[in-house]
Amino acid sequence: MKNYSAKEIKNIVLIGAPGSGKTTLAEAMAYEGKVIDRRGSIETNNTLSDNTDIEHEYKRSIYSTLLFTEFMERKLNIIDCPGSDDFCGSLFSAFKVGDVGVFCFNAANGWEVGSEIQARYARQLNKPIIGVINQLDSDKASFEAAYESIKAASRVKPVIVQYPVNQGPDFNAFIDVLLMKMYRFKDHDGHREELEIPAEEMDKAIELNRELVEMAAEHDEALMELYFEKGTLTQDDIRAGLKIGVSQRAVMPIFCASGKRDIGTKRLMEFIINVAPGPLKAPAFLSTEGAEIVADEAAPAVAFVFKSQVEQHIGEITYFRVIRGKITEGCEVVNTRTQNKEKISQLFAVAGKNRVKVSELSAGDIGCTVKLKGTKANDTLSAAADMVTIEPIVFPDPRYRAAIKCAQQSDEEKLGKILNDAKNEDPTILVDYSKELKQTIIQGQGEHHLNILRTRIAQENKIAFDYIAPKIPYRETITKVAQADYRHKKQSGGAGQFGEVHMVIEPYYEGMPEPKSYKAGGKGELVVNIKNKEEYDMAWGGKLQFYSAIVGGAIDARFMPAILKGIMEKMDQGPLTGSYARDIRVVIYDGKMHPVDSNEISFKLAARNAFKEAFRNAGPKIMEPIYNVEVLVPSEYMGSVMSDLQNRRAMILGMESDKGFDRLSATVPLAELYRYSTTLSSLTSGSATYSMKFASYEQVPADVQDKLLKAYTDEDED
């Protein structure tokens, strides 16, 4: 195939709710560009997209797929994205390198919750969109109802470019109000005839053409003046106005199609080529320093890696977009994260699992290479002559967490490597061993997301593991002043062990005054004379303030580090439940030592036990992680969702209507959110979604604290 320049390339992302026909539309586009000579189908498991075993099993997109087509002497790079929100990481990656979204709508369903979710992501990433009402050949297709639902819900104003003449099972014709022509299809292979608009459709076509002209003129003063002067605009003028409107995300042109029958595909591709922003007109990529990196083919090469995957018999495949310059076969570039040199041994244009060898890829183009040595998604490959790092993709926070338990303990090391590879393929999967919880915790976008991963690993690697409820990272702290002293004494022949520590502890808060005196332990007022102060930010949050107020040499200064170590060890495994302790001030004011038997271990043990005793008498409390949760739900399910959240100890912060959906904000304890994605899907028939973000640590209710203390005591006894 030929090498394309930046002005000959368009990069599009196919988005839409599950079941909106993205994959069949992508197949039709590849067929029209003669990349394939026969269209596959989801039913027969032979499409360019959805080409993995697990996608064949589920009959839906699970991973994003890159493919290309050649049309009108142009190259269209197409990324077909999954519709399910559990796999939204693919959409974020695709939109990083794609310049425009082609938004598919099921003609029977119109604007769905899945549409709303993907529209939010397009808005968040500031990407222009073109709408396609697809599957107009279905029994329940209604172009009018679908369009009205889009008009009511979308924040980008839709405008009709095409409408069907005979939607439903007999669908084979539509009217294009930009070209003012009717297109009728002779078969299901895209062969069409161009006809004049029938008399009975003319009034409707003229009215829709007028609306299209007004919408085009609205975005350019010169076009508006021309429209006022002539009362209409030429087709080229309309395209020029729409080009501005689409780029500004002010307008969403609406097309009609049946991807399955290859109806409307050519016209959609023509419009994308003529109107959609390409690499030269789309907003420039930004470097990590905030500099704009324009698609200059003559400049030193820069490429951004948006995806990597491991394929059996091939190894790691690295997908990238050339941001600047040219990437040529055999060239050397530098990974700006690792500073390692990478040699590009082979280059490919990608059509699903099919790869076409090319000698170079120019600025704006997308392709892949193989056998790089450590380059992963979000890495930048740059010519050494002018090193640039592209601003990375910011993925959404995880919404589902589980602990991993291997069926065979001997598989744990092997599973760790496999999960690490999975994390590199899908950056929305997070895997980490928690020293605090003593569990391997995996996080993802939903239960389905992680179940798909488990199924895939079981099929490909024959390793069985399960997900169990993860422990909660509680925190322990205190609410009042307490005093304790402890003597560690041990004699077993020869040198013994002796250390005695007296301490006061109190809750720490930002800006509190320095300690001077205490009333604690029934000993009257205890005046302290501070000799030394140390302050530590704990790795798990909060602080420890450690004061030495020893007078008269009661404890030698050389033992103070051992006392601090003993306290730190007990904060690492709190006295109540073994969770981390935080936000505590400790004052060591007295003690005793022995000239022969005192040593570091003695004072460490004495300090640890004194701290434990004081902690238990200082009004101890357990704190739990609280998350901000935002649920987007159709209005009819709001009552069920709110009731469920209240049963989860949620505090409702507010509700607001948002174009047919309700947005509910609440704070919810993490302990109550396990498998919430599954419950929410069940309550709303899969029509709601949510996001969650850590907010703070708050004290658990008394009844919950009692249960936690009992559970820890029982576990300790076992």
Check: [Y] main-chain N/O paired with [X] side-chain donor or acceptor under 3.5 Å:
X      : Y      : value
Asp597 : Gly496 : yes
Asn609 : Leu605 : yes
Asn617 : Glu613 : yes
Thr455 : Asn451 : yes
Ser93  : Lys307 : no
Ser154 : Val156 : yes
Asp86  : His449 : yes
Lys543 : Glu535 : no
Lys533 : Ile530 : no
Asn628 : Ala695 : no

**OP:** Starting from the C-alpha separation in whole Å, work towards a yes-or-no answer on salt bridge (Lys or Arg N to Asp or Glu O under 4.0 Å) for Glu569 and Arg608.
**Re:** CA-CA 7 Å; Glu569 283 183 0; Arg608 191 164 69 181; 2.9 Å; yes
Hey, does [Y] have a side-chain heavy atom less than 4.5 Å from the side chain of [X]?
X      : Y      : answer
Pro575 : Lys570 : yes
Ser64  : Leu91  : no
Ile442 : Arg401 : no
Leu645 : Tyr676 : yes
Val633 : Phe661 : no
Val551 : Lys531 : yes
Pro701 : Arg649 : yes
Thr440 : Tyr433 : yes

Do [X] and [Y] have ring centres separated by under 6.0 Å?
X      : Y      : result
Phe105 : Phe103 : yes
Phe546 : Tyr536 : no
His448 : Phe87  : yes

Subject >> salt bridge (Lys or Arg N to Asp or Glu O under 4.0 Å) between Asp466 and Arg454, intermediate numbers included >> reply: CA-CA 8 Å; Asp466 215 337; Arg454 181 180 55 192; 2.7 Å; yes
Any luck finding a side-chain donor-acceptor pair between [X] and [Y] under 3.5 Å?
X      : Y      : answer
Glu436 : Trp540 : no
Tyr474 : Glu476 : no
Tyr690 : Asp85  : no
Gln646 : Ser643 : no
Gln483 : Asp485 : yes
Asn424 : Ser308 : no
Ser685 : Ser687 : no
His488 : Gln497 : yes
Glu514 : Tyr547 : yes

Count the heavy atoms of every other residue, nucleotide or ligand shown that sit under 6.0 Å from [atom1] of [X], and state whether that count exceeds 12.
X      : atom1 : value
Arg123 : CZ    : yes
Lys471 : NZ    : yes
Gln699 : CD    : yes
Glu413 : CD    : no
Lys621 : NZ    : yes
Lys405 : NZ    : no
Glu600 : CD    : no
Met655 : CE    : no

Could you give the distance from [atom1] ([X]) to [atom2] ([Y]), rounded to the nearest 0.5 Å?
X      : Y      : atom1 : atom2 : answer
Ser665 : Met651 : OG    : CE    : 13.5 Å
Thr679 : Leu673 : OG1   : CG    : 10.0 Å
Leu683 : Ser640 : CG    : OG    : 6.0 Å
Ile584 : Ile478 : CD1   : CD1   : 5.0 Å
Thr428 : Phe395 : OG1   : CZ    : 7.0 Å
Met593 : Ser602 : CE    : OG    : 12.5 Å

**OP:** Determine the interplanar angle of the Phe465 and Tyr467 rings, folded into 0 to 90°, and report it as parallel if under 30°, tilted if 30 to 60°, perpendicular if over 60°.
**Re:** perpendicular
**OP:** For the pair Glu425 and Arg456, evaluate salt bridge (Lys or Arg N to Asp or Glu O under 4.0 Å) and give the outcome as yes or no after the intermediate values.
**Re:** CA-CA 13 Å; Glu425 285 191 32; Arg456 180 184 161 192; 3.2 Å; yes
Distance-minimising heavy-atom pair for [X] and [Y]:
X      : Y      : result
Tyr400 : Ala402 : CE2-CB, 4.2 Å
Gln705 : Ile622 : OE1-N, 3.0 Å
Ala650 : Ala666 : CB-CB, 4.4 Å
Leu576 : Tyr712 : O-CD2, 2.9 Å

**OP:** Could you give me the CA-CA distance, side-chain angles and deciding distance for Arg249 and Asn126, then say whether side-chain contact (heavy atoms from CB on, under 4.5 Å) is met?
**Re:** CA-CA 8 Å; Arg249 277 185 49 83; Asn126 199 31; 3.5 Å; yes
Subject >> Arg120, Arg399, Lys693 screened by salt bridge (charged side-chain N to carboxylate O under 4.0 Å, His left out) with Glu630, the one that passes >> reply: Arg120
Subject >> ring pair (Phe, Tyr, Trp, His ring centres under 6.0 Å) involving Tyr508 - partner list, sequence neighbours excluded >> reply: none
Subject >> Pair Arg585 + Glu506, salt bridge at N-O below 4.0 Å >> reply: yes
**OP:** With salt bridge (Lys or Arg N to Asp or Glu O under 4.0 Å) as the test, would you mind laying out the steps for Asp644 and Arg648 before giving the verdict?
**Re:** CA-CA 7 Å; Asp644 176 70; Arg648 294 173 184 269; 2.9 Å; yes
